[in-house]
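Below: the structure, in structure tokens.
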Amino acid sequence: MLEGWHFWHQRSEEGFAKAETAFHQALQIDPRFARAFAGLANNHVIRGQYHLLDGIGDARDEMARAREAARSAIDLDPSVAEAHAALAYVLFNEGRWAESEKHFATAFELNPNYAVALLWHSQVLGSQGRFDLALVESLRAVELDPLAFIVVERSAEILRHAGHYAEGLDATFRAGGLRAGVFLPNLSERALLLSLLGRGTEAVEVARTIRSNRELRTRWMADGYAIWTLAQAGLREEAEAHEREVSARASAAGYARGFALAALGRYGEALPFLEKCPPVVFRRLYGDPLFDPFREDPRFGELLAKLGCSAEYKLGRETLKRMRSEGAAKR
């Protein structure tokens, strides 16, 4: 069991495969071991989400397997918080937010100190526009498990949204020290933060590292952020060349291409792809600087309406304005 969780925390395809093997081995020893089913549920939901974000593999199959494993765990032992959290995260990724909240509430009743559940729920809160509460839960997760790579790594994003750029940058470096190898979402967050801090030369260096690792997964919005970083540094031709590489990939029909085009200010071209944003990406539309020049365009409002998050966006923008104002006043 511990081996399975260890590999799962690596957040890589190899890690997911090894974690699945370890959890199945535990079930071979005890077919009624609820926590092993919960481990499988956690493994499948994250692998499914990564497939969804990267536009590869069958995310729906992984989510279905996650739901089945979570239900098996709950049927065997309803007190396993990890199973309820996994089911909640499946429901969130499917856009079923109200149902998701119910299972998160159960998970927190059973274990209020489950750091990964706090991380996941902070993403739900961010997608609802409740960035203030998302920040509290994310930082609480880091406090509870400061050596969990993904917990520390994801805290950088919410810190950036809140305007805490230096703290967010520090989180990307701390996370980088907790995992071997390159994790592109961590580098892309670092590139954004360096650029926002006015450290353009360093930001460009990170953006170029993202581009040079063109065959590496997991990518998510990494290319879009790298392209934006290059464009902000005045390297328009280099940014456009990077975008052409993104558009030529097999997964180019997904939302990530929309981010790449938006990074260049080509919002009209980006819109059909941005309409494919999954719920876990919504909060990026609320707070990312890529979309700042586009926010007053009626087409942006139409995009939010199609995604079904107009009210959440409005709340998110109001909350971010207040948080950033409060943060500036303290500095």
Side-chain angles (χ1 to χ4, degrees), residues 10-13 50 53-55 138 142 148-249 251-252 254-266 270 280-281 283-285 287-293:
Q10 293 180 0
R11 293 301 197 271
S12 66
E13 280 298 321
Y50 282 25
L53 288 169
D54 265 335
S138 178
V142 173
F149 159 74
I150 199 63
V151 170
V152 177
E153 195 276 329
R154 287 293 83 205
S155 72
E157 178 207 334
I158 184 62
L159 285 164
R160 169 173 59 81
H161 285 314
H164 303 311
Y165 300 150
E167 295 92 329
L169 181 62
D170 177 66
T172 70
F173 283 110
R174 285 188 287 119
L178 294 171
R179 180 185 187 274
V182 175
F183 189 70
L184 293 179
N186 188 45
L187 288 186
S188 64
E189 195 64 53
R190 187 178 303 165
L192 275 184
L193 286 159
L194 286 167
S195 185
L196 291 167
L197 285 165
R199 295 163 61 176
T201 300
E202 296 169 82
V204 166
E205 182 179 351
V206 177
R208 287 171 172 166
T209 299
I210 294 168
R211 185 183 179 192
S212 67
N213 282 277
R214 54 178 53 88
E215 301 301 323
L216 188 63
R217 303 288 179 180
T218 301
R219 304 202 74 83
W220 306 354
M221 284 96 9
D223 292 298
Y225 289 173
I227 291 166
W228 182 83
T229 299
L230 293 169
Q232 291 299 301
L235 301 171
R236 182 79 186 189
E237 291 185 8
E238 187 174 346
E240 290 178 342
H242 190 163
E243 188 280 322
R244 287 193 293 273
E245 293 169 5
V246 174
S247 297
R249 292 188 187 128
S251 59
Y255 76 94
R257 186 176 177 188
F259 271 71
L261 289 164
L264 292 170
R266 293 160 59 182
V280 73
V281 173
R283 66 185 186 277
R284 312 286 185 134
L285 298 175
D288 278 1
L290 281 67
F291 303 101
D292 286 349

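Only this structure's heavy atoms are used, side chains among them; waters, hydrogens and symmetry mates stay out. Here, residue 1 is the first one in the sequence, and each next residue gets the next number.
- R208 is not listed as a side-chain neighbour of R211, based on a closest heavy-atom distance of 4.5 Å or more.
- Contact record, F259 with L290: O-CD2, 3.7 Å, taken as the closest heavy-atom pair.
- The closest side-chain heavy-atom distance from V182 to L187 is below 4.5 Å.
- By the 4.5 Å heavy-atom criterion applied to side chains, F291 and L285 are counted as neighbours.
- A salt bridge is defined here as a Lys NZ or Arg NE, NH1 or NH2 lying under 4.0 Å from an Asp or Glu carboxylate O, and E157 with R154 meets this definition.
- A salt bridge does not link R217 with E13: every distance from a Lys NZ or Arg NE/NH1/NH2 to an Asp or Glu carboxylate oxygen is 4.0 Å or more.
- E205 CD: 12 or fewer foreign heavy atoms inside a 6.0 Å radius.
- Under 4.0 Å is where a charged nitrogen must lie from a carboxylate oxygen, and between R283 and D288 no such pair does.
- Nearest heavy atoms, L184 versus R219: CD1-NH1, 3.3 Å.
- In plain terms, the two heavy atoms of G168 and A156 that are nearest each other are O-CB, 3.4 Å.
- Put simply, the side chain of S195 never gets that close to the backbone of L192: no donor and acceptor are under 3.5 Å apart.
- Summarising the geometry, atom NE2 belonging to H164 is positioned 14.5 Å from atom CG belonging to L169; distances are rounded to the nearest 0.5 Å.
- Using a 4.0 Å cut-off between charged side-chain N and carboxylate O, E202 and R199 make a salt bridge.
- Counting all heavy atoms, side chain and backbone alike, G224 lies closest to A263 at O-CB, 3.2 Å.
- Taking the side chain as every heavy atom from C-beta outward, L53 and V281 approach each other to under 4.5 Å.
- Side-chain atoms of N186 come within 3.5 Å of backbone N or O of T172 as a donor-acceptor pair.
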Could you give me the CA-CA distance, side-chain angles and deciding distance for E153 and R174, then say whether salt bridge (charged side-chain N to carboxylate O under 4.0 Å, His left out) is met?
CA-CA 8 Å; E153 195 276 329; R174 285 188 287 119; over 6 Å; no
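- Relative to the six-membered ring of F149, R11 misses at least one condition, a distance below 6.0 Å or an angle of at most 45° to the axis.
- Contacts of W220 classified as ring pair (Phe, Tyr, Trp, His ring centres under 6.0 Å), with partners at least two apart in sequence or in another chain: Y50, F183.
- Residues that satisfy the ring pair (Phe, Tyr, Trp, His ring centres under 6.0 Å) test with H161, not counting sequence neighbours, are F131.
- Considering CD of E189 and CE of M221, their distance stands at 8.5 Å, rounded to 0.5 Å.
- Defined by atom type and a distance below 3.5 Å, a donor-acceptor pair is present between the side-chain atoms of S247 and R257.
- Listed by first then second residue, pairs satisfying salt bridge (charged side-chain N to carboxylate O under 4.0 Å, His left out) with a partner in residues 226-236 read R236-E240, not counting sequence neighbours.
- Going from atom CG of L194 over to atom OG1 of T201 covers 10.0 Å, rounded to the nearest 0.5 Å.
- Put simply, NE2 on H242 and CG on L264 are 10.0 Å apart, with the number rounded to the nearest 0.5 Å.
- Closest heavy-atom contact between S155 and I158: O-CG2, 3.2 Å.
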Before giving the answer on salt bridge (charged side-chain N to carboxylate O under 4.0 Å, His left out), spell out for D223 and R214 the whole-Å C-alpha distance, their side-chain angles and the decisive distance to 0.1 Å.
CA-CA 9 Å; D223 292 298; R214 54 178 53 88; over 6 Å; no
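- In the model, Y225 has a side-chain atom that pairs as donor or acceptor with a side-chain atom of R284 under 3.5 Å.
- V152 and A171 get closest at one heavy-atom pair: CG1-O, 3.6 Å.
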Evaluate side-chain contact (heavy atoms from CB on, under 4.5 Å) for I227 paired with V246, printing each intermediate quantity in order.
CA-CA 10 Å; I227 291 166; V246 174; 4.3 Å; yes
